[in-house]
**Q** 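Below: one structure in structure tokens.
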2 protein chains.
Amino acid sequence: MSKRRYEGEQTKKHIVDKAKILFSQKGYVSTSIQDICAATGCSKGNLYYHFKSKEDLFLCLAEQNFTEWSEQWEKISSEYESITEKLYAYGDFIADIERPLHSIEREFISTVGLDSEAGQKLFAIINISFEKFKKFMSEGIAAGELKNENLFELTFIVSSFYSGLSRYSNLMDKDARKALFHKATTLLLQGIGTRNEK
Amino acid sequence: MSKRRYEGEQTKKHIVDKAKILFSQKGYVSTSIQDICAATGCSKGNLYYHFKSKEDLFLCLAEQNFTEWSEQWEKISSEYESITEKLYAYGDFIADIERPLHSIEREFISTVGLDSEAGQKLFAIINISFEKFKKFMSEGIAAGELKNENLFELTFIVSSFYSGLSRYSNLMDKDARKALFHKATTLLLQGIGTRNEK
DNA sequence: TTTATTAGACCGAACGGTCTGTTTATAAGG
DNA sequence: CCTTATAAACAGACCGTTCGGTCTAATAAA
């Protein structure tokens, strides 16, 4: 039972990985099951053996994406001392991701409906990562490195900032992206940092 | 010949207006021609009498959107003196738009292909507005109100900033959005303004 | 034999787009 | 002033294609 099971897990993972790339490239609706089958080399029947629907596949993949993001985040957080350094590292990290999935999350929600089961599931996943980011921001405030603004607003603005950047910079090559994110972080920090008041 | 012509223009405008809302709500691919027909009350034949394809309709609507945006922009620019005031007014203006179309532009391009005729047309439209924004930024630098950063990078970062914000805040009500954009502009300016150096 | 896996023919629905036919306001001719 | 020709404006049946999803049969490890 073990070798077969292992192979099954492998194909499942393979499908998730390829689908993530396709979804990020073409969007949720425009990426068809057939596209994913062609990219993975597996059959439609096989795909539907592992995932019960297209929505299910996307949610699996979103969750995996979130988990990876979360682990990276913890790693960055532990490697640097100051919030400033962490923020630069964060910028560098997301500049490094060539196909961010969060561009597609909105499309998914508006397609399946915010109130649907799938919509709520994705919303929950997004919310967890937002809360993590919020906690991170609050530490920055507590440490006196960030201005003592309304926590929700501050988190929202900063995360939107990076999301917007990564969304619109995906045509650049990686080096240009990294440089851009570095500059962006500098500009952001000089606004947020307490060193420069009013 | 005049009344009929007038009516034709009216329906065309009506289709564009409704389609703009639908596209911004549901995305380009997810909005079907039938959806637009149902929303406008016009028939499919009529729609295809006025527009030669779905792409053509979207491009018309994008161009109209750009024109309106441009006019508003000129108005704001002329009403205020300092770049700071203009930036607040700009934030207020785009917070007021409940369904920004620029969330969909990327989807359109990735659907039709960047190298396709339609993709290039939209790209040109976007570029023009980006150039306008760049010119605006350069005036801010020349006036000494904005830091003398690389003009392209600065423009890119600032416009991404507002795009990201409007993209992720469209679930809020208008007042909350305006407050958020005001706060965001403040944070942005304190990073960009020359008053607070290093 | 049993059971996890894989393949692909197949289905109804919905898609963008076409085609043919009908209505209607205007211009011309008597 | 009335008729008739014309073209703009509109309606909706229809077409080929593709979509997400199902189902049955085959395969191969245990």
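Each chain gets a letter, A, B and so on, in the order its sequence line appears, and its residues count up from 1.
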**Q** Would you check if A:Phe156 and A:Lys134 make a side-chain contact, meaning some heavy-atom pair closer than 4.5 Å?
**A**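 No; the side chains remain at least 4.5 Å from each other.
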**Q** Using the side-chain heavy atoms of A:Tyr49, tell me which of these nucleotides is nearest: C:dG8, C:dA4, C:dG16.
**A**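 Looking only at heavy atoms from C-beta outward on A:Tyr49, the closest nucleotide is C:dA4.
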**Q** Please check the phosphate of D:dT18 (OP1 and OP2 only) for any side-chain N or O of A:Ser32 closer than 4.0 Å.
**A**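 For D:dT18, OP1/OP2 do not have a side-chain N/O of A:Ser32 under 4.0 Å.
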**Q** Which one, D:dC10, D:dG21, C:dG16, comes nearest to the side chain of A:Tyr48?
**A**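 Nearest to the side chain of A:Tyr48 among the choices is D:dG21.
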**Q** Within the structure, does a side-chain N or O atom of B:Asn46 lie under 4.0 Å from either OP1 or OP2 of D:dA9?
**A**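 No, because none of the side-chain N or O atoms of B:Asn46 sits under 4.0 Å from OP1 or OP2 of D:dA9.
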**Q** Only one of A:Gln25, A:Lys18, A:Lys26 forms a side-chain contact (heavy atoms from CB on, under 4.5 Å) with A:Asp35, so which one is it?
**A**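 It is A:Lys26, the one option of A:Gln25, A:Lys18, A:Lys26 that forms the side-chain contact (heavy atoms from CB on, under 4.5 Å) with A:Asp35.
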**Q** B:Phe58 CZ to C:dG16 P: how many Å, rounded?
**A**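 Taking atom P of C:dG16 as the reference, CZ of B:Phe58 is at 14 Å.
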**Q** B:Ser30 near the nucleic acid: base, sugar-phosphate alone, or nothing, with a heavy-atom cut-off under 4.0 Å?
**A**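 The residue B:Ser30 makes no contact with any strand.
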**Q** Ignoring backbone atoms, establish whether B:Thr11 has a side-chain N or O less than 4.0 Å from OP1 or OP2 of D:dC10.
**A**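 For B:Thr11, the contact criterion (side-chain N or O under 4.0 Å from OP1 or OP2 of D:dC10) is met.
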**Q** Could you tell me whether the side chains of A:Tyr90 and A:Ser77 share a donor-acceptor contact shorter than 3.5 Å?
**A**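 Side-chain D/A pair, A:Tyr90 to A:Ser77: absent.
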**Q** In this structure, how many angstroms lie between the P atom of D:dA9 and the CD atom of B:Glu9, rounded?
**A**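 Spelled out: CD on B:Glu9 to P on D:dA9 is 8 Å.
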**Q** Using whole Å, what does the distance between atom P of nucleotide D:dG20 and atom CZ of A:Phe23 come to?
**A**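 Atom CZ in A:Phe23 sits about 8 Å away from atom P in D:dG20.
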**Q** Please state how far atom CG in A:Leu57 lies from atom P in D:dG21, giving the value in whole angstrom units.
**A**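 Checked: the CG to P distance equals 10 Å.
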**Q** Quick check: on DNA chain D, is the nucleotide nearest A:Gly45 upstream (toward 5') of the one nearest B:Gly41, or the reverse? Name the residue that is more 5'.
**A**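 In this pair, the answer is B:Gly41.
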**Q** Before accepting this row, confirm whether a basic side-chain N of the pair B:Asp17/B:Lys13 lies closer than 4.0 Å to the acidic partner's carboxylate O.
**A**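 A salt bridge links B:Asp17 with B:Lys13.
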**Q** Taking NE2 from B:His14 and P from D:dA9, how many angstroms apart are they, rounded to a whole number?
**A**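 Those two atoms, NE2 and P, are 17 Å apart.
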**Q** Would you mind reading off the distance between B:Phe51 atom CZ and D:dA9 atom P, rounded to a whole angstrom?
**A**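 Taking CZ of B:Phe51 and P of D:dA9, I get 12 Å after rounding.
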**Q** Report yes if at least one side-chain N or O of A:His50 is closer than 4.0 Å to OP1 or OP2 of C:dT6; otherwise report no.
**A**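 Checking C:dT6 against A:His50, a side-chain N or O does come within under 4.0 Å of OP1 or OP2.
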**Q** Which of the following nucleotides, C:dG17, C:dT6, D:dG21, is nearest to the side chain of A:Lys44?
**A**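 For A:Lys44, the side-chain atoms sit closest to D:dG21.
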**Q** Cation over ring, A:Lys54 on A:Tyr28, under 6.0 Å and within 45°?
**A**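 Flagged: A:Lys54 positioned over aromatic ring of A:Tyr28.
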**Q** Rounded to whole angstrom units, what separation is found between the CD atom of A:Gln10 and the C1' atom of C:dA4?
**A**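 Those two atoms, CD and C1', are 16 Å apart.
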**Q** How many whole angstroms separate atom CD1 of B:Ile33 from atom P of D:dC10?
**A**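 After rounding, the gap between these two atoms is 16 Å.
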**Q** Which nucleotide sits closest to the side chain of A:Gln34: D:dA8, D:dG21, D:dC19?
**A**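 The listed nucleotide nearest to A:Gln34's side chain is D:dC19.
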**Q** Look at the side chain of B:Lys54 and the base of C:dG17, then say whether one donor and one acceptor between them are separated by less than 3.5 Å.
**A**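 No.
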